[in-house]
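One structure is given below, encoded as structure tokens.
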Amino acid sequence: MCRARVIPIVIMVVMLVAKKILSRYFAIYHQLADTFLEKMQGMTTLKVYQNDSAAEQELAEESELFRQITMKVLTMQLQLLSTVVMDTVAYGGAACGIVIALNNALNNLRQGQVSRQGAIILILLAASYFLPMRQLGSYFHIGMNGMKVSDQIFAFLDLPKKAAGQTSLPKKWP
């Protein structure tokens with residue numbers, strides 16, 4: 001039973017560390033995607049005003065930043081590590097629970113305190129007791145992506161509206 005209390009603590013510690021690094025990773029990822037889409041949509045205008053090389057340089061710099069953060073994530077293997085830790089704890093806990101339940105069920109079966117069906121139910125319940133922790137970990141990674149997208153949506157909705165006729169030229173106007 002003590003193991004069941006430790007599992008959420010271990011998972012939360014791993015998730016907090018992963019959240020810090022992955023939030024920065026997803027922010028850079030989404031910024032790169034936004035920049036790429038913006039440059040592709042405005043490629044004709046960039047070509048007309050001969051500003052495509054500056055856009056290419058900006059995109060290359062953001063790509064390099066994204067490559068560096070990706071290498072950090074891969075080097076530290078936090079996503080993989082968090083999944084491995086959660087799997088190890090969840091399935092290890094399930095295995096220990098099965099062994100303990102099997103041992104208790106067999107002892108109780110020998111002593112006539114539980115029926116064969118009751119022993120099987122105890123074993124099946126022990127196996128499924130720890131699996132929701134694993135699902136929690138996978139939902140965490142899905143939630144990180146959703147939170148970053150919602151941040152972008154709210155940032156877009158909070159943009160001030162410009163009055164008609166008030167436009168500003170870009171800083172790198174030829």
Side-chain angles (χ1 to χ4, degrees), residues 2-97 127-162 167-174:
C2 179
R3 208 178 284 265
R5 292 183 198 127
V6 173
I7 291 172
I9 295 170
V10 170
I11 290 174
M12 288 305 296
V13 168
V14 170
M15 289 172 83
L16 288 174
V17 171
K19 183 178 181 179
K20 286 181 182 179
I21 291 176
L22 290 176
S23 66
R24 182 167 181 244
Y25 176 78
F26 279 115
I28 293 171
Y29 172 75
H30 287 287
Q31 179 60 40
L32 178 63
D34 290 345
T35 301
F36 180 76
L37 181 62
E38 178 185 330
K39 301 302 182 208
M40 289 300 110
Q41 287 177 337
M43 187 56 72
T44 305
T45 306
L46 291 170
K47 286 281 191 187
V48 166
Y49 291 107
Q50 298 176 348
N51 203 12
D52 55 333
S53 61
E56 178 186 358
Q57 181 64 30
E58 181 184 348
L59 195 57
E61 289 170 3
E62 284 190 33
S63 298
E64 179 62 22
L65 181 64
F66 180 69
R67 186 193 69 78
Q68 289 172 355
I69 191 76
T70 300
M71 295 310 292
K72 282 184 182 178
V73 168
L74 290 176
T75 301
M76 295 185 336
Q77 298 179 357
L78 276 177
Q79 282 182 313
L80 180 60
L81 180 62
S82 66
T83 303
V84 168
V85 168
M86 285 185 286
D87 283 346
T88 302
V89 171
Y91 292 125
C96 289
S128 63
Y129 181 77
F130 293 95
L131 296 180
M133 296 295 177
R134 174 62 182 98
Q135 284 181 325
L136 176 67
S138 65
Y139 291 147
F140 168 74
H141 293 291
I142 294 169
M144 285 294 294
N145 200 11
M147 286 173 45
K148 190 53 63 180
V149 169
S150 70
D151 289 345
Q152 287 181 332
I153 290 171
F154 287 127
F156 178 75
L157 292 175
D158 291 339
L159 288 175
K161 290 184 179 181
K162 291 187 177 183
T167 59
S168 58
L169 298 176
K171 291 179 181 179
K172 295 182 180 180
W173 187 253

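Gln41 contributes atom CD, which lies 11.5 Å from atom CG of Leu46 (distance to the nearest 0.5 angstrom). For the atom pair OG1 of Thr70 and CG of Leu65, the computed distance is 9.0 Å after rounding to the nearest 0.5 Å. Rounded to the nearest 0.5 angstrom, Lys47 NZ and Thr45 OG1 are separated by 12.5 Å. Going from atom CE of Met43 over to atom CG of Asn51 covers 10.5 Å, rounded to the nearest 0.5 Å. The structure places CE of Met147 at 10.5 Å from CZ of Phe26, a figure rounded to the nearest 0.5 Å.
Counting non-hydrogen atoms of other residues, nucleotides and ligands closer than 6.0 Å to CD of Gln50 gives a total of 12 or fewer. Residue Tyr29 qualifies as open at atom OH: its count of foreign heavy atoms under 6.0 Å is 12 or below. Atom CD of Glu56 sits in a sparse spot, with 12 or fewer heavy atoms from other residues, nucleotides or ligands closer than 6.0 Å.
Nearest approach of Leu59 to Phe36, heavy atoms of both residues: CD2-CD1, 3.8 Å. Shown here for Val149 and His30, the closest heavy-atom pair between the two residues is CG2-CE1, 3.8 Å.
Residues Thr35 and Gln31 form a side-chain contact, since some pair of their non-hydrogen atoms from C-beta on lies under 4.5 Å apart.
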Take Asp34 and Gln152, measure what side-chain contact (heavy atoms from CB on, under 4.5 Å) needs, and give me the verdict at the end. CA-CA 10 Å; Asp34 290 345; Gln152 287 181 332; 3.2 Å; yes

